[in-house]
J.: 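Dropping a structure here in structure tokens format, bear with me for questions.
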There are 2 protein chains.
Amino acid sequence: MTELAELNYAQRERLAFIDFCLQFIGQLARADLVNHFKTGLASCSRDLTLYKELAPNNMTLKHETKQYYRTNEFQPVFEHNPEAILGSLCRGFGDGISQGINPSEKCIDATRLIHPDSDVIATLMRAINNRHAISCDYISLTSGESSREIIPHAIANNGQRWHVRAFDKKSKEFRDFVCTRLQNVTEIQKPIATMQAGEYDKQWHNIISIDLAVHPTVKHPKAIELDFGMSGGILHLEVREALLGYLMRQWNVDCSSNAMLTGGEHHLWLKNIVELGGLSCLKIAPGYKESE
Amino acid sequence: MTELAELNYAQRERLAFIDFCLQFIGQLARADLVNHFKTGLASCSRDLTLYKELAPNNMTLKHETKQYYRTNEFQPVFEHNPEAILGSLCRGFGDGISQGINPSEKCIDATRLIHPDSDVIATLMRAINNRHAISCDYISLTSGESSREIIPHAIANNGQRWHVRAFDKKSKEFRDFVCTRLQNVTEIQKPIATMQAGEYDKQWHNIISIDLAVHPTVKHPKAIELDFGMSGGILHLEVREALLGYLMRQWNVDCSSNAMLTGGEHHLWLKNIVELGGLSCLKIAPGYKESE
DNA sequence: ATAGATCAAATCAAAATGATATCATCTAAA
DNA sequence: TTTAGATGATATCATTTTGATTTGATCTAT
């Protein structure tokens, strides 16, 4: 009996592809494998035979259409990560290499309007890994353009934009910089000062426990419980302090102390806001009042 | 001279991995390849030699650290899609198969709080491909729980949730259903009526041209122009009518006729709102007034 | 009935891979 | 300073995987 673990990387990939197509498309022909992996026809037959050996009841060949079909007894051989599945469906699989783009008409991801430059990302990531500073020109929404030296230690998406978390030499504190607003980014090839390293970014490393509850104005709370996979109407999360405000804004979480926001767009309420005490990061959160 | 196109899928994948590591991490050791592809050490040496042949100036071996380093003359051999890059960095590459999860500390994607069940997605996708209806129990925010038969034709992410676009037999029109609010989903194995097919979903197929402009209240418009890659302060988009409202809400686009919203959270304004005429899909858009 | 498409299975040659041994280079500990 | 240990390169050979080709089966469409 063949075991999955015995197989090499390429073979497992092809079997995973078969598994995926059956589960999420329902059918599969040899030509699909040839197209995707640029492999020979004979290989496809072999792979299909191998898959049948691993999961005899997962598919049947219909000669009418010359395709394999998923059976009702289908049991996935591979665990497919839900987020990754949706990504693959949207992109039309890509080829695993350059993520080829055959965007699907049937699975459409949210429109991303902000696309960081990949050279900027590359330079940032290398600086992060090398523990180096970068010099750049930054355009702030409040103060406009200026040259900066910053020491980045992480990149994060706040739901809309990609930010880089970095020590800012100008203000001498850790801050967020929007990746698309960085220009002329250059890695500075020398060691950084100790206190500028990511380890000293308190707000980044401080993990905050929050309880999100269904907002009391919601008429059918079960819908929201299902959305967020809540048990007992509560979603418990552990969040970096530096990212908490963004999260609240992204999910439109009512951060008033008594869930007093109305308007219908708030599905969630930050239940333990009072216990958390004052947090400057919540300034941007819906309904948050600082002086309480 | 070896050409990229001559190589097989597995080899190209490994070379792409080398290329990616150099560009986005800056360094690479044989062990990284062994870990990722579960390959033999000798193979790694072969792959590295092959990569050197393809791009002689992209990396140098430093014996001090026994690693290869990206040179300043680096020219990527593969085109890496920006969105895919960030995904790979966040997930710690995965293994291309089950998208193995070694979440990175240095690259953090936005927190997804809503995770559609992969069996639901699978059933929906198969029904879409097979042009079949499904039966399910749906919990609506406004009207609560009910059994439905719907004919799905696409899945879309509206920035927060995954929706399925489907003909609803109950209301006899095309509507959006939140994937996480579907329960007991079953494919109905029989042909659908003509008018229920996706081709007849007018709002889905109607493509609307919109012009987004930097909101007049923004102090440093260049920051926003950079974010959205605008030329001349305008971002032109073609959007499905069915998704337009979500897009406006996702990006907080001021949809009032004269960009009258204040508050600082609006970076964009829908400049050609007047030309568009009344659109019911904009009901949920910030600042939209129906009777004008 | 027949041509055409697609699948399966078998065979053989070519290519890729894994295992192993030997050597080189550099670091870090003795 | 010397030496052990880690990691890299390279070469060789056996094994495995893959590609190409042929033959045969099944079904559709004409």
Side-chain angles (χ1 to χ4, degrees), chain A residues 1-18 21-22 25-71 95-97, chain B residues 1-18 21-22 25-71 95-97:
Chain A
M1 184 59 195
T2 314
E3 288 284 340
L4 211 57
E6 292 170 22
L7 304 172
N8 70 26
Y9 190 87
Q11 287 172 320
R12 280 210 309 283
E13 245 188 324
R14 293 195 304 269
L15 292 183
F17 181 83
I18 295 172
C21 287
L22 290 173
I25 299 176
Q27 55 198 255
L28 174 76
R30 271 197 313 183
D32 298 323
L33 278 166
V34 174
N35 274 330
H36 191 78
F37 293 103
K38 309 295 173 214
T39 182
L41 270 178
S43 275
C44 301
S45 288
R46 271 191 293 254
D47 290 331
L48 289 165
T49 306
L50 184 52
Y51 186 82
K52 266 182 281 184
E53 213 182 298
L54 286 164
N57 303 318
N58 274 9
M59 62 179 186
T60 50
L61 175 62
K62 279 198 193 173
H63 275 291
E64 302 95 288
T65 57
K66 294 153 195 158
Q67 292 209 312
Y68 279 100
Y69 286 81
R70 176 188 189 273
T71 63
D95 56 6
I97 295 166
Chain B
M1 184 60 194
T2 316
E3 288 286 336
L4 211 57
E6 293 171 22
L7 305 171
N8 70 25
Y9 191 87
Q11 287 173 318
R12 279 210 312 282
E13 247 188 323
R14 293 195 304 270
L15 291 183
F17 181 83
I18 295 172
C21 287
L22 290 173
I25 300 177
Q27 54 198 254
L28 174 76
R30 271 197 312 183
D32 298 322
L33 279 166
V34 174
N35 275 329
H36 190 78
F37 294 102
K38 309 295 173 214
T39 182
L41 270 177
S43 274
C44 301
S45 287
R46 273 191 290 252
D47 291 331
L48 288 165
T49 306
L50 184 52
Y51 186 82
K52 266 181 285 186
E53 214 183 297
L54 286 164
N57 303 317
N58 274 7
M59 63 179 184
T60 49
L61 175 63
K62 279 198 194 174
H63 276 289
E64 303 94 287
T65 57
K66 292 156 197 158
Q67 292 210 314
Y68 278 100
Y69 286 81
R70 176 187 188 274
T71 63
D95 58 4
I97 296 167

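Every heavy atom of this structure was used, including side-chain atoms; hydrogens, water molecules and symmetry mates were not. Every chain is numbered from 1, with letters handed out A, B, ... down the list of sequences.
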J.: Using whole Å, what does the distance between atom P of nucleotide dT6(C) and atom CG of Asp32(A) come to?
T.: 11 Å
J.: Taking the six-membered ring for Trp and the single ring otherwise, decide whether the centroids of Phe17(B) and Phe37(B) are under 6.0 Å apart.
T.: yes
J.: From CG of Leu33(B) over to P of dG18(C), roughly how many Å is that when rounded to an integer?
T.: 12 Å
J.: Take atom CD of Gln67(B) and atom C1' of dA6(D), then tell me their distance rounded to the nearest Å.
T.: 12 Å
J.: If the sugar-phosphate is the primed atoms plus P, OP1 and OP2 and the base is the rest, what is the B/S/- string for nucleotides 24-30 of chain D, using protein heavy atoms under 4.0 Å?
T.: --SSS--
J.: Just the rounded figure in Å: distance from C1' of dT22(D) to CG of Leu41(A).
T.: 13 Å
J.: To the nearest 0.5 Å, what is the distance between CG (Leu48(B)) and CZ (Arg30(B))?
T.: 8.0 Å
J.: How many whole angstroms separate atom CZ of Arg12(B) from atom P of dA16(C)?
T.: 12 Å
J.: Going from CG on Leu28(A) to OH on Tyr69(A), what distance comes out if it is rounded to the nearest 0.5 angstrom?
T.: 10.5 Å
J.: What's the spacing between Ile18(B) CD1 and Arg70(B) CZ if we round to 0.5 Å?
T.: 15.5 Å
J.: Using 0.5 Å steps for rounding, measure from the CD atom of Gln27(A) to the NZ atom of Lys62(A).
T.: 8.5 Å
J.: Return yes if some donor-acceptor pair links the side-chain N/O of Asp32(A) with the main-chain N/O of Ala29(A) below 3.5 Å, else return no.
T.: yes
J.: Ignoring backbone atoms, test whether Arg30(B) places a side-chain nitrogen or oxygen under 4.0 Å from the OP1 or OP2 oxygen of dG8(D).
T.: yes
J.: How long is the line joining OH of Tyr9(B) and C1' of dA16(C), in whole Å?
T.: 17 Å
J.: CG of Leu48(B) versus C1' of dT10(D): gap in Å, rounded?
T.: 13 Å
J.: Quick check for you: to the nearest 0.5 Å, what is the distance between Arg46(B) atom CZ and Leu33(B) atom CG?
T.: 12.5 Å
J.: Out of curiosity, Leu50(A) CG to Ser45(A) OG, how far, rounded to the nearest 0.5 Å?
T.: 12.0 Å
J.: Please report the distance, rounded to the nearest Å, between CD1 in Ile18(B) and C1' in dG8(D).
T.: 14 Å
J.: I'd like a table of atom pairs between the protein and nucleotides 17-19 of chain D - only N or O on both sides, under 3.5 Å - with the distance next to each one.
T.:
residue: dT17(D); atom: OP1; partner: Gln11(A); partner atom: OE1; Å: 3.4
residue: dT18(D); atom: OP1; partner: Arg14(A); partner atom: NH1; Å: 3.0
residue: dT18(D); atom: OP1; partner: Arg14(A); partner atom: NH2; Å: 3.1
residue: dT18(D); atom: OP2; partner: Gln11(A); partner atom: NE2; Å: 3.4
residue: dT18(D); atom: OP2; partner: Arg14(A); partner atom: NH2; Å: 2.8
residue: dG19(D); atom: OP2; partner: Thr39(A); partner atom: OG1; Å: 2.6
residue: dG19(D); atom: OP2; partner: Gly40(A); partner atom: N; Å: 3.1
residue: dG19(D); atom: OP2; partner: Ser43(A); partner atom: OG; Å: 3.0
residue: dG19(D); atom: N7; partner: Arg46(A); partner atom: NH2; Å: 2.9
residue: dG19(D); atom: O6; partner: Arg46(A); partner atom: NH1; Å: 3.4

J.: Determine whether Tyr51(A) and Asn58(A) make a side-chain contact, defined as any pair of heavy atoms from C-beta on separated by less than 4.5 Å.
T.: yes
